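Just so it is clear, the model here is predicted, and its values are computed rather than measured. Below, read A as the first sequence line, B as the second, and so on, with proteins coming before strands; counting in each chain starts at 1.
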Amino acid sequence: MSLTESSPVQVKADRNGFILVPDPAATFESIVEYMELRLEQSHDFFHKTDMVLDLRARSLRTDEIASLYDKLYEKARVKIVEVRLSDDLSFAVEGELRRLRGSRRGDAEEAQDPPIVVRNTCRSGVRIVSPSDCVILGDVNPGAEIVAAGDVVVFGTLRGLAHAGAGGERSARIWALSIEPNQLRIADLVAVPPKGGKPTPKRFEVAEIQNGTIQVVTA
Amino acid sequence: MAGKTIVVTSGKGGVGKTTTVANLGTTLAKKKHSVVMIDTDIGLRNLDVVMGLENRIVYNLVDVIEGKCRKEQAMIRDRKLPNLYIIPAAQTREKNSVTPEQMKTLCGDLSAEFDFVIIDCPAGIEQGFKNAIAGADTALVVTTPEVSAIRDADRVIGLLEASLLKNIHLIINRLNVKMVKRGDSMSTDDILALLSVPLLGVVPESEEVVVSTNRGVPLVHERGSKAGAAFRRIAARLNGENIAPDEDGSDGFFGRMKRLIWN
């Protein structure tokens, strides 16, 4: 393969390192193939470098990005450190990809992932899935669903559905300033609150599994 | 200056969207503003019935959008107010005969000519809803003090926020003051705590609303009606006037005395 204009990926260099620009018409397979060939031909040159993946012209799916990341790293210890999605939107890859792979394998490292933080009220119809803990800075209204592999923390009133320890972690807990949901789930257990009034919490409430059932403790 | 484009929506059906549109439009027109009301409930039109203008329909919204007529031809003038128009929905077509882009263009054209463009949104959150909110800069979410209506209002507010419509206000319709006092119904405060959007007004439950709908004359034309007075206050607030909050029976003796003196 010759390294001409029509190559599926352009490798540009700037002060901070290399930039990969996939061609808009290129297939994902041809992109990977070309990059492997390119790294092989100039093994030492790209060894252990950091690269920016520029997807402004050609978009890739997250699993494609993850797979490209793995391929480049195996081949020449090349790291994609940043993905550019548009002129004003790019994200640092490191944490994102590790989380992706962690949730796929379901191994112990996922507990160390940073929690997902939601900075507004979750209204009906919203579903938030977190591979680790989930923090909501606002209310969770009826009809909203929060699913987390770890703990669920709500700095507001929990009225919707919360599922902590969705991966089967029975020690996960649900924290909220006030817990008034239709249903609570922790790991494989489901609880429905008792009918009638409940004492108003002084500071916050915690739902956790005690002796095999879900209990809400007012603190 | 371009006028305000207001969409009245709710999610759930039967909470009083069309009644709200008819009464707010009529009130604003009575205050000498030029107002056009658009019924976007294609296939289930009824704003024309509430306004008592059903027999004057020649062209409708879909005809305007498809270019079969000019928008002036589809606008029906109110029987009493010369500066109030409605554009009726098509009854024999479907919601997907209009696209959000077309609605945006139409609303833009109308707001250049009118002080207020008020859009009556269909129930639900599908195509018709997306069409109705496309051209609006303000949204009024109508709900009744029922759990189901509030749940749907919450969903709709979420969708409005997601479509970057930030100017959202709440109207609580059909509040039964006696039931709130007995503790059998949610109060204004309960609803606001859940929905957390600014309240524009509370309309008390009233049999007069049904009567006026059946007669095809908006309630605000009648002087003695409490619900009509509530709609007049909402219209005034919409117009930027600063008016004391509505009663919901929870403000006790002083509020009742004030109401006695005012009326």
From B:L175 atom CG to B:S187 atom OG, the distance as rounded to the nearest 0.5 Å: 8.0 Å
Assert top hit (heavy-atom pairs under 4.5 Å, partner chain B, pool A:C122, A:A144, A:P142) equals A:P142
I need the contact set between residues 142-155 of chain B and chain A: heavy-atom distance under 4.5 Å, sorted by residue number. B:R151, B:D154, B:R155
Flag for B:D120-B:T18: side-chain donor and acceptor within less than 3.5 Å: yes
Check whether any side-chain heavy atom of A:T157 lies under 4.5 Å from a side-chain heavy atom of A:L177, and answer yes or no. no
Residues of residues 160-169 of chain A with a heavy atom under 4.5 Å from any heavy atom of chain B, in residue-number order, are none
Between B:K4 and B:D137, does any side-chain N to carboxylate O distance fall below 4.0 Å? no
Measuring only between side-chain heavy atoms, which start at C-beta, is A:R58 closer than 4.5 Å to A:V9? no
Approximate separation, where rounding is to 0.5 Å, of B:L160 CG and B:C121 SG: 8.5 Å
Apply side chain to side chain contact (heavy atoms under 4.5 Å, CB included) to the pair A:V135 and A:I116, showing each step before the final yes or no. CA-CA 6 Å; A:V135 180; A:I116 286 186; over 6 Å; no
d(A:I179 CD1, A:R159 CZ) to nearest 0.5 Å is 13.0 Å
I'd like to know if B:K95 pairs up with B:D41 as an ion pair, taking the criterion as any Lys NZ or Arg NE/NH1/NH2 lying under 4.0 Å from an Asp or Glu carboxylate oxygen. yes
Do B:V98 and B:T40 make a side-chain contact, defined as non-hydrogen atoms from C-beta onward lying under 4.5 Å apart? no
